[in-house]
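Nothing here was measured: the structure is a model prediction, and the numbers come from that model. Chain letters run A, B, ... following the sequence lines, proteins first and then strands; every chain starts at 1.
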Number of protein chains: 2
Amino acid sequence: MHFVEQGRAGAAAAGLTERQGAVLERALGLLVEGGERALTTAGVARAANCSKESLYKWFGDRDGLISAMITYQAGKVRTVEVSAGALTAETLRKHLFAFACDLIDVLLGDVSLALNRLAIGQASREGAGLGRLLQERGRRQIGKRAAALLEAGRKAKLLAFDSADEAYGTLYGLIVSDMHLRMLLGEDAGALKKEFSPRAEKAVDAFLTLYGAKG
Amino acid sequence: MHFVEQGRAGAAAAGLTERQGAVLERALGLLVEGGERALTTAGVARAANCSKESLYKWFGDRDGLISAMITYQAGKVRTVEVSAGALTAETLRKHLFAFACDLIDVLLGDVSLALNRLAIGQASREGAGLGRLLQERGRRQIGKRAAALLEAGRKAKLLAFDSADEAYGTLYGLIVSDMHLRMLLGEDAGALKKEFSPRAEKAVDAFLTLYGAKG
DNA sequence: TGCGTACCGTACCGTACGGTTCGGCATCTT
DNA sequence: AAGATGCCGAACCGTACGGTACGGTACGCA
């Protein structure tokens, strides 16, 4: 597993009290459990044993609370550096496979799905504020890892591509296809996650067929 | 253009009055313009010059109205049969490219995005009812066209694959990547749609590299 | 002419939510 | 001891929404 949950580290990183982190944790739980409708200020206050007054003092308003939730959650996902050592065709394939599995784990996680649903629902009425925040915070980390991996592959003459972004887009599409959207629409996660391993292998194979350096 | 808008045909198909179709049209307009928040019963009634009483008589309740909107909108998208004539490598590529463009046109259309946002927002709190409906109605049509195209390609010995579903999943991922999600999150559609043509060509190239019959 | 039907516009009701205010309690500071 | 601070719990306010009820109107039909 290459993504590490760091407990309350997200709180400290964002300049939040331990208590505030705990409140955000409960709020995320509420959101996961009951969707946006369950994320009421009164509900969060009750679930976290704090007062609405404190919520408004700490986070400003409901949108501030949501933004804090996104930032807090994003702070919990960290990637480990890809070992910059010698990269063989075999280790590259392994790294790509691990990346695929971790990507799916993150995208299809309860909290990620709930936050994406929330941001998408908000996207229509109020600019792309939350959407951009989610995209930035969430994708930056994982995209950086992918970019590093691809770049390492190119340096080792195992991959050939002009644009790393384009290659990453292709890799992403091969791995995810429409799974993310289907999950967002409410499809049962269990079924798809179980049978994903072979799918991930096929995606990696396809990616290597497309971008593997001709030997 | 292979997807045809059929005006009010969707209404008749679903057993709806002309008037009811017009109401759904206004409701869709409201949804596109202002998101879920704008889709209030009073708002729809005002915009469509009808009474709330009629809305409830026709559609039961708000969810019924939304379901009717989805069904109505899905009824407007029709695919044309792929000409079953002789399929050459060149025409296959052309058909795939046209499919890619049409797929993007549909997925990134105003109404489609708005309905997907609505269904995703609803997905958390209330089963997957709307999500499944949207998936069934919207995807069935376009998936059927893709399946027919792929099958024709295999019959002409231009494509080689074991599972048509899997091949379609790959094609979908190559074409769409994460564009759909980014749009749902509120990214500006104009920019991505403009520069899509070369992307679509690359996706088709990649697909043919993966699934083109050897030789 | 009278009656039924379908519809509109508006008013209404209950509820729920975001946000504010206030009294009270515990802890800390001086 | 006395004030200040931070917080909780609850009450409160304005608003907005889903859903219902009612009066009024146009039209078809006997």
Determine whether B:Glu136 and B:Arg132 satisfy the following criterion, salt bridge (charged side-chain N to carboxylate O under 4.0 Å, His left out), listing intermediate values before the conclusion.
CA-CA 6 Å; B:Glu136 300 276 323; B:Arg132 261 210 313 276; 5.8 Å; no
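- In this structure, A:Lys52 places its NZ atom 12 Å from P of D:dA11, rounding to the nearest Å.
- Straight-line distance from the CD atom of B:Glu36 to the P atom of D:dA16: 17 Å, rounded to whole Å.
- Nearest to the side-chain atoms of B:Tyr56 among the listed nucleotides D:dC17, D:dT20, C:dT20 stands D:dT20.
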Salt bridge (charged side-chain N to carboxylate O under 4.0 Å, His left out) evaluation trace for A:Glu166 with B:Arg199
CA-CA 9 Å; A:Glu166 182 192 311; B:Arg199 258 190 56 102; over 6 Å; no
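- Phosphate contact (OP1/OP2 of C:dT15, side-chain N/O of A:Arg37, threshold under 4.0 Å): absent.
- Going from atom CD of A:Gln122 over to atom C1' of C:dG18 covers 13 Å, rounded to whole Å.
- Between the CG atom of A:Leu55 and the P atom of D:dG9 there is a distance of 12 Å, rounded to whole Å.
- With 3.5 Å as the limit, one finds no donor-acceptor pair spanning the side chains of A:Gln20 and A:Tyr72.
- Annotation: proximity of residues 41-51 of chain B to DNA chain D (heavy atom, distance under 4.0 Å) is found for B:Thr41, numbered in ascending order.
- For the pair B:Glu201 and B:Arg93, the minimum side-chain heavy-atom distance is 4.5 Å or more.
- Going from atom CZ of B:Phe59 over to atom C1' of D:dG18 covers 16 Å, rounded to whole Å.
- In this entry the distance linking NZ of B:Lys57 with P of D:dG18 reads 20 Å, nearest Å.
- Look at A:Ser54 and you won't find any side-chain N or O under 4.0 angstrom from OP1 or OP2 of D:dG6.
- The side chain of B:Trp58 lies closest to C:dC7 when the candidates are C:dC7, C:dT20, D:dG19.
- For B:Glu53, taking side-chain heavy atoms from C-beta onward, the closest of the listed nucleotides C:dT21, D:dG18, D:dG23 is D:dG23.
- Using a cutoff of 4.0 Å between basic side-chain nitrogens and carboxylate oxygens, A:Glu33 and A:Arg26 are not scored as salt-bridged.
- Residues B:Glu25 and B:Lys76 are paired through a salt bridge, judged by an N-O separation under 4.0 Å between the basic side chain and the carboxylate.
- The side chain to side chain contact (heavy atoms under 4.5 Å, CB included) with A:Leu96 is formed by just one residue from the set A:Val204, A:Ile175, A:Asp205; it is A:Val204.
- If you take CG of A:Leu65 and P of C:dG18, they are 10 Å apart, rounded to a whole angstrom.
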